[in-house]
Engineer: 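Input: one structure, supplied below.
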Amino acid sequence: MTAGGFHTPVMLREVIHALVCRQGGVYVDGTVGGGGHASGILEHAGAGSILIGIDCDDEALGESHRRLEKFGARAMLVKDSYANIAEILKGFHIGEVDGLFLDLGVSSHQFDETDRGFSIYRDAPLDMRMNRSGSMTAYDIVNGFSEERLRQIIRNFGEEFRAGKIARTIAARRVRAPIRTTGDLAALIMSVVPAARRGRHIHPATKTFQALRIAVNDELSSLIACIESGVEILRRGGRIAVISFHSLEDRIVKNLFRSFEKGCVCPDDFPVCVCGKKPQLRVLTRKPAVPQAEEMAANPRARSARLRAAEKV
Ligand code: SAH
């Protein structure tokens, strides 16, 4: 648990400022979690505003249900993936929205829960599913995927330059017995890194854990799907705001926003546009906004947060 309880919302003031563009509007929080941002959005968007809160984790939904109860029917919660935002809104007969918000990654609650396997520092079964009804766990990847697929996952989703060595070590170790816990995996990865190279600030397994979590939860494809359908359903003047916590996510958000801002996808050497695609977004944050120093000091999770926002044109 964090000082704030279930989860302390990151950059709350900045999110409200970037997102809430119309009083009484319709807002979607695709990662409602403990409902901290959602509650702030509903308060600031005022009477008549509504919020659809999505999360794939039952415990998060239980917590946000309690937190948002005071808003009555203005807050509607759904268990699903934000990747399915278009279908979810159809289910509510909502055609357009004023704001879409995503706060990516794991909540403090998920991270702190000992049995979920998100933390390197707590020995737990290799699970890492945000949606506990999901079929694939980190155990399945670590013990079942080929060495080459493991290497690709660790390299591409963890940006870990020792991916080859780590994948090789995992493949050699699991022949004897399956690697069952986060503690086993963290110790194994630690053994791959020479003692002199073990940084004091981050655990040598951090990037591999990030990679496995992204793979288990199909995080990057879901993010792309959500932004692409989100831009479609934004009303003119509506806002999209995304907080990311590592460079892979941030790059995806930045590049997608830019391509929607540009519109045209014709090759640069075409003399005239033949694709006919028009700009759909205006980027509001050339550089991502980051938390104030006081927030970073008070909430370690905020330290790597980057907020990007754009407006539908
Ligand atoms: N803003 C929230 C915290 C969000 S933490 C608050 O103020 O409390 C991120 C949340 O996103 C977690 O609860 C996690 O379960 C959820 N999540 C992650 N991937 C998801 C996905 N693809 N679809 C829906 N929810 C997702």
Side-chain angles (χ1 to χ4, degrees), residues 1-16 18-20 27-44 51-68 71 75-89 99-113 116-119 127-134 136 157 210 212-230 241-246 248-249 252-253 291 295 299-302 304-307:
M1 286 278 172
T2 58
F6 192 87
H7 178 94
T8 309
V10 171
M11 300 182 79
L12 182 58
R13 240 177 324 135
E14 292 88 339
V15 167
I16 289 168
L19 191 76
V20 178
Y27 294 87
V28 180
D29 183 342
T31 51
V32 71
H37 288 103
S39 171
I41 294 166
L42 278 168
E43 269 159 26
H44 282 80
L51 178 134
I52 318 293
I54 304 167
D55 207 292
C56 56
D57 181 341
D58 287 311
E59 283 169 46
L61 288 168
E63 178 66 18
S64 49
H65 181 72
R66 279 188 287 281
R67 179 111 184 228
L68 302 174
F71 297 104
M76 291 173 265
L77 298 176
V78 197
K79 180 177 177 183
D80 206 326
S81 167
Y82 52 64
N84 303 325
I85 182 168
E87 294 76 39
I88 297 170
L89 291 178
L100 166 62
F101 173 58
L102 292 176
D103 177 15
L104 301 173
V106 188
S107 70
S108 310
H109 179 74
Q110 289 168 329
F111 200 75
D112 290 349
E113 263 190 320
R116 305 216 34 188
F118 288 116
S119 170
D127 188 328
M128 300 197 191
R129 283 169 306 167
M130 297 208 192
N131 175 358
R132 294 212 211 203
S133 25
M136 193 174 63
F157 296 160
Q210 171 188 305
L212 290 171
R213 204 197 77 200
I214 291 176
V216 167
N217 299 292
D218 200 12
E219 290 180 29
L220 304 183
S221 331
S222 303
L223 174 61
I224 296 170
C226 181
I227 295 180
E228 286 182 342
S229 358
V242 184
I243 300 183
S244 56
F245 290 89
H246 55 76
L248 278 178
E249 289 170 346
I252 289 176
V253 178
E295 181 175 2
N299 180 6
R301 186 178 181 268
S304 45
R306 280 172 254 183
L307 170 68

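What you see below is based on every heavy atom in this structure, not just the backbone, and it leaves out hydrogens, waters and symmetry mates. Counting convention: from 1, in listed order, for ligands and their atoms alike. Note that the structure is predicted; figures quoted are calculated from it, not measured.
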Engineer: So, for Arg129 and Arg116, which heavy atoms are closest and what is the spacing to 0.1 Å?
Structural biologist: O-NH2, 3.0 Å
Engineer: At less than 4.0 angstrom from any non-hydrogen atom of Gly30, what atoms of ligand 1 do you find?
Structural biologist: 24 (C), 25 (N)
Engineer: Spell out, as yes or no, whether a donor-acceptor pair under 3.5 Å connects the side chain of Asp103 to the backbone of Thr31.
Structural biologist: no
Engineer: Contact between ligand 1 and Val32 is defined here as a heavy atom of the residue under 4.0 Å from a ligand atom; is it met?
Structural biologist: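 Under 4.0 Å: yes for Val32.
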Engineer: How far is atom 10 (C) of ligand 1 from its nearest protein heavy atom, and which residue and atom is that?
Structural biologist: Asp55 OD2, 3.5 Å
Engineer: So between His7, Arg213, Lys79, His37, whose heavy atom ends up nearest atom 1 (N) of ligand 1?
Structural biologist: His37
Engineer: Using a strict cut-off of 4.0 Å, indicate which atoms of ligand 1 neighbour a heavy atom of Asp57.
Structural biologist: 15 (O)
Engineer: Work out which heavy atom in Leu51 is nearest to a heavy atom in Asp29; give both atom names and the distance.
Structural biologist: CD1-CB, 4.1 Å
Engineer: If you have a sec, work out which protein heavy atom is nearest atom 20 (C) of ligand 1 and how many Å separate them, to one decimal?
Structural biologist: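 For atom 20 (C) of ligand 1, the nearest protein heavy atom is Tyr82 CE2, 3.4 Å.
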Engineer: For atom 8 (O) of ligand 1, find the nearest protein heavy atom and state the residue, atom name and distance (0.1 Å precision).
Structural biologist: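 So the nearest neighbour among protein heavy atoms is Gly34 N, 2.9 Å.
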Engineer: Test of understanding: given a 4.0 Å heavy-atom threshold, classify the contact between Met130 and ligand 1 as side chain, backbone, both, or neither.
Structural biologist: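 Side chain only.
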Engineer: May I ask you to identify, for Ala60, whether its side chain, its backbone, both or neither come under 4.0 Å of ligand 1 on a heavy-atom basis?
Structural biologist: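 Ala60 to ligand 1: side-chain contact only, backbone stays beyond 4.0 Å.
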Engineer: Is there a heavy atom of Ile243 sitting under 4.0 angstrom from any atom of ligand 1?
Structural biologist: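 No; Ile243 lies far enough from ligand 1 that no heavy-atom distance drops under 4.0 Å.
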Engineer: For ligand 1, is Cys56 a contact, meaning one of its heavy atoms is under 4.0 Å away?
Structural biologist: yes
Engineer: Is the closest side-chain heavy-atom distance between Lys79 and Asn131 below 4.5 Å?
Structural biologist: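 Answer yes - side chains close enough.
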Engineer: Check for a donor-acceptor pair, side chain of Asn217 on one end and backbone N or O of Met128 on the other, with a separation under 3.5 Å.
Structural biologist: yes
Engineer: Where on Val10 is there a heavy atom closer than 4.0 Å to ligand 1, on the side chain, on the backbone, on both, or on neither?
Structural biologist: neither
Engineer: Any atoms of ligand 1 less than 4.0 Å from a non-hydrogen atom of Gly36? List them with their elements.
Structural biologist: 6 (C), 7 (O), 8 (O)
Engineer: List ligand 1 atoms under 4.0 Å from Ser107, heavy atoms only on the residue side.
Structural biologist: 5 (S)
Engineer: What's the shortest heavy-atom distance between Ile54 and Tyr82, and which atoms?
Structural biologist: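 Here Ile54 and Tyr82 meet closest at CG2-N, 4.1 Å.
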Engineer: Determine, considering heavy atoms only, which of Ser81, Pro9, Gly33 sits nearest to atom 22 (N) of ligand 1.
Structural biologist: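 The nearest heavy atom belongs to Ser81.
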Engineer: Would Ala83 count as a polar contact of ligand 1, with the cut-off being nitrogen or oxygen pairs under 3.5 Å?
Structural biologist: no
Engineer: With distance as the sole test, does Arg301 use its side chain to make a donor-acceptor pair with the main-chain N or O of Ser107 at under 3.5 Å?
Structural biologist: no
Engineer: Quick one: does His37's side chain have a donor or acceptor within less than 3.5 Å of a partner on Val10's backbone?
Structural biologist: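 Pair found, side chain donor or acceptor close to backbone of Val10.
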Engineer: Hey, are the side chains of Gln210 and His246 touching, using non-hydrogen atoms and a 4.5 Å cut-off?
Structural biologist: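 Of all side-chain heavy-atom pairs linking His246 with Gln210, at least one is under 4.5 Å.
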Engineer: Does any N or O atom in Gln110 lie less than 3.5 angstrom from one in ligand 1, N or O only?
Structural biologist: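 It does: an N or O of Gln110 is found under 3.5 Å from an N or O of ligand 1.
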Engineer: For a 4.5 angstrom cut-off between non-hydrogen side-chain atoms, does Ser64 reach Leu77?
Structural biologist: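 They are in side-chain contact.
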Engineer: Of all residues at least two apart in sequence or in a different chain, which pass the salt bridge (charged side-chain N to carboxylate O under 4.0 Å, His left out) check with Arg13?
Structural biologist: none
Engineer: Check whether any side-chain N or O of Ser81 sits under 3.5 Å from a backbone N or O of Asn84 as a donor-acceptor pair, and report yes or no.
Structural biologist: no
Engineer: Among all protein non-hydrogen atoms, which one is nearest to atom 3 (C) of ligand 1, and what is the separation to 0.1 Å?
Structural biologist: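 Going by distance alone, atom 3 (C) of ligand 1 is nearest to Asp103 OD2, 3.4 Å.
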Engineer: Counting each atom of ligand 1 from 1 as listed, which ones have a heavy atom of Asp80 under 4.0 Å away?
Structural biologist: 23 (N), 24 (C)
Engineer: Considering only non-hydrogen protein atoms, determine which one is nearest to atom 9 (C) of ligand 1 and report residue, atom name and distance to 0.1 Å.
Structural biologist: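 Going by distance alone, atom 9 (C) of ligand 1 is nearest to Gly105 O, 3.2 Å.
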Engineer: Of all the heavy atoms in His109, does at least one lie under 4.0 Å from an atom in ligand 1?
Structural biologist: no
Engineer: Less than 4.0 Å between a side-chain N and a carboxylate O, is that true for Glu249 and Arg306?
Structural biologist: no
